[in-house]
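All ligand and atom numbering here is 1-based and tracks the order in the structure. Positions are given from 1 along the sequence. Note: hydrogens, waters and symmetry copies are ignored here, and every other heavy atom, side chains too, is used.
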Amino acid sequence: MLSPVSLMVAMLVVSGGAAAYTQDYKDALMKSIMFYEGQRSGKLPPYQRMTWRDDSALQDGFDNHVNLVGGYYDAGDNIKFHFPMAFTTTMLAWSVIEFGDFMSPQSGHAIQAIKWSTDYLLQATSIKDVVYVQVGDPYADHNCWERPEDMDTPRTSVAVTKDYPGSEVSAEIAAALAASSIVFRRIYPAYSNLLLTRAEEVFKFADSYRGSYNNSKVGRYVCPFYCDFSGYEDDLLWGAAWLYRATLNKYYFDYVSTNVYKMSRPWNVGEFGWDTKDAGISVLLSEYLFFNKVDWKPFIPYADEFVCSVIPGSPNPSVFYTRALSFLFVVYANNLKWAKRVVQCEHGVVTPSRLIDLAKSQVDYILGNNPMETSYMVNYGRNFPRRIHHRGSSMPSIKQHRDHIGCKGGTPYYESRGYNPNLLTGAVVGGPDEWDQFADDRNNPGQSEPATYINAPLVGLLAYFSEN
Ligand SMILES: *[C@@H]1O[C@H](CO)[C@@H](O)[C@H](O)[C@H]1NC(C)=O
């Protein structure tokens, strides 16, 4: 997995330097979704396109007599961390909700990528007031370099309960189920209803039994990998905001607008990622607030502050953005356009088109308009990362090399300077350092490791720029 620090490091804004190549957003979109097939855990379906992978982890959950077969491996390792997995799912669903109209002919694949996760999240929440939050022992897993198909490390499954709650992970799962219920509403209504009912139950559990999974019995499994650094209050608001969007039940809107004033920490205006949801909450609610002309406080001021805090005032900006922030730029820009508004910052006015241009320059940077002249998406463009920090990608395919490769048997593949034999098409890696340098080194996971939540906001951005 990526360290929290590397998550903060994103792309530099290219300030007029690199030549502007035209990017093939449709190709990148197709690949960004295909990536999820490479991360699949469980029994692979006959329509699997990433064919160097095979079935794996077919007994997950059996230690607790539950079926947790399925879902996604988190990154270059073989652990299923449900907190970032649920956030990934919420972002994929948000991508389809906002930009699904621009996804054709990839819409079906995008929806499949969501369903691979929601099927699993339903399994993880099938027992009332119990939420499974992780499968696999990250210490044992990270100590090995093994293909998922060969795994022989403990597949420990752990859950939060009434006595040992985990409000952040449960609320994020509720958000994922609620957002996905919107995606499935017209195409698969019965499934959509199931997702929404479960989302409400899981949210109620998250809210009624409050606490961080850090401090529960599962803390030693989830920390230091996906600790809840920012507290669980933002996740509860985020879950409620998605439930509001999915149900239009005023209870959830009132929940967000009253509890936002009760948070025990300051609002992090400019932050959005698997841990901190603040900026995402304001932007998500902005659509409803603009549309209904109700009291905008505090969310529109927060959304505006988000824009002002991340948009640089200088003409030659040099600021880090994550893909999730760029996604918010485009969503907020579209809502601003609809409301015929601009954002008034101390250093000047920010128009929706400025926000969209910035997001586009970030996407173009990832795809190749950067000083290294490389794309940071595997198998996209002429140059791309060849030695990504990813167990399955870096070892021979199980289809070619049937013999078991044990825990330490993978070390030579890890240490090799050779290219990865299997292309994890569409995987976007951590990326270059703040001086635009990239090593393409398996041993530098901060730069060379992909993760499910890196790709998810990009799916929406690529869809948008395919047709706009
Ligand atoms: C979770 O653990 C991290 C790391 O120890 C800590 O920084 C954070 O405050 C904890 N979060 C909560 C909600 O206790």
- Could you tell me whether Glu201 and Arg198 have a side-chain N and a carboxylate O separated by less than 4.0 Å? yes
- Item | Minimum-distance protein heavy atom relative to atom 9 (O) of ligand 1 | Phe229 O, 4.0 Å
- Query: Checking side chain to side chain contact (heavy atoms under 4.5 Å, CB included) against Leu355, which of Val331, Leu328, Leu336, Val330 comes through?
  - Reply: Leu336
- Starting from atom 10 (C) of ligand 1, which protein heavy atom do you reach first, and at what distance in Å? Asn214 ND2, 2.3 Å
- Measure from atom 8 (C) of ligand 1 to every heavy atom in Asp228, Val222, Asp275, Asn215 and give the option owning the shortest one. Asp228
- Measure the distance from atom 13 (C) of ligand 1 to every protein heavy atom, then report the residue, atom name and distance (to 0.1 Å) of the closest one. Ser212 CB, 3.6 Å
- Query: Does NZ or CZ of Arg40 come closer than 6.0 Å to the centre of the six-membered ring of Tyr36, within 45° of the ring's axis?
  - Reply: no
- Under 3.5 Å donor-acceptor, Asp234 side chain and Lys277 backbone: yes
- State whether Tyr191 and Lys115 meet the cation-pi test: NZ (Lys) or CZ (Arg) under 6.0 Å from the six-membered ring centroid, and within 45° of the perpendicular axis. yes
- Contact bool for atom 5 (O) of ligand 1 (protein heavy atom, d < 4.0 Å): no
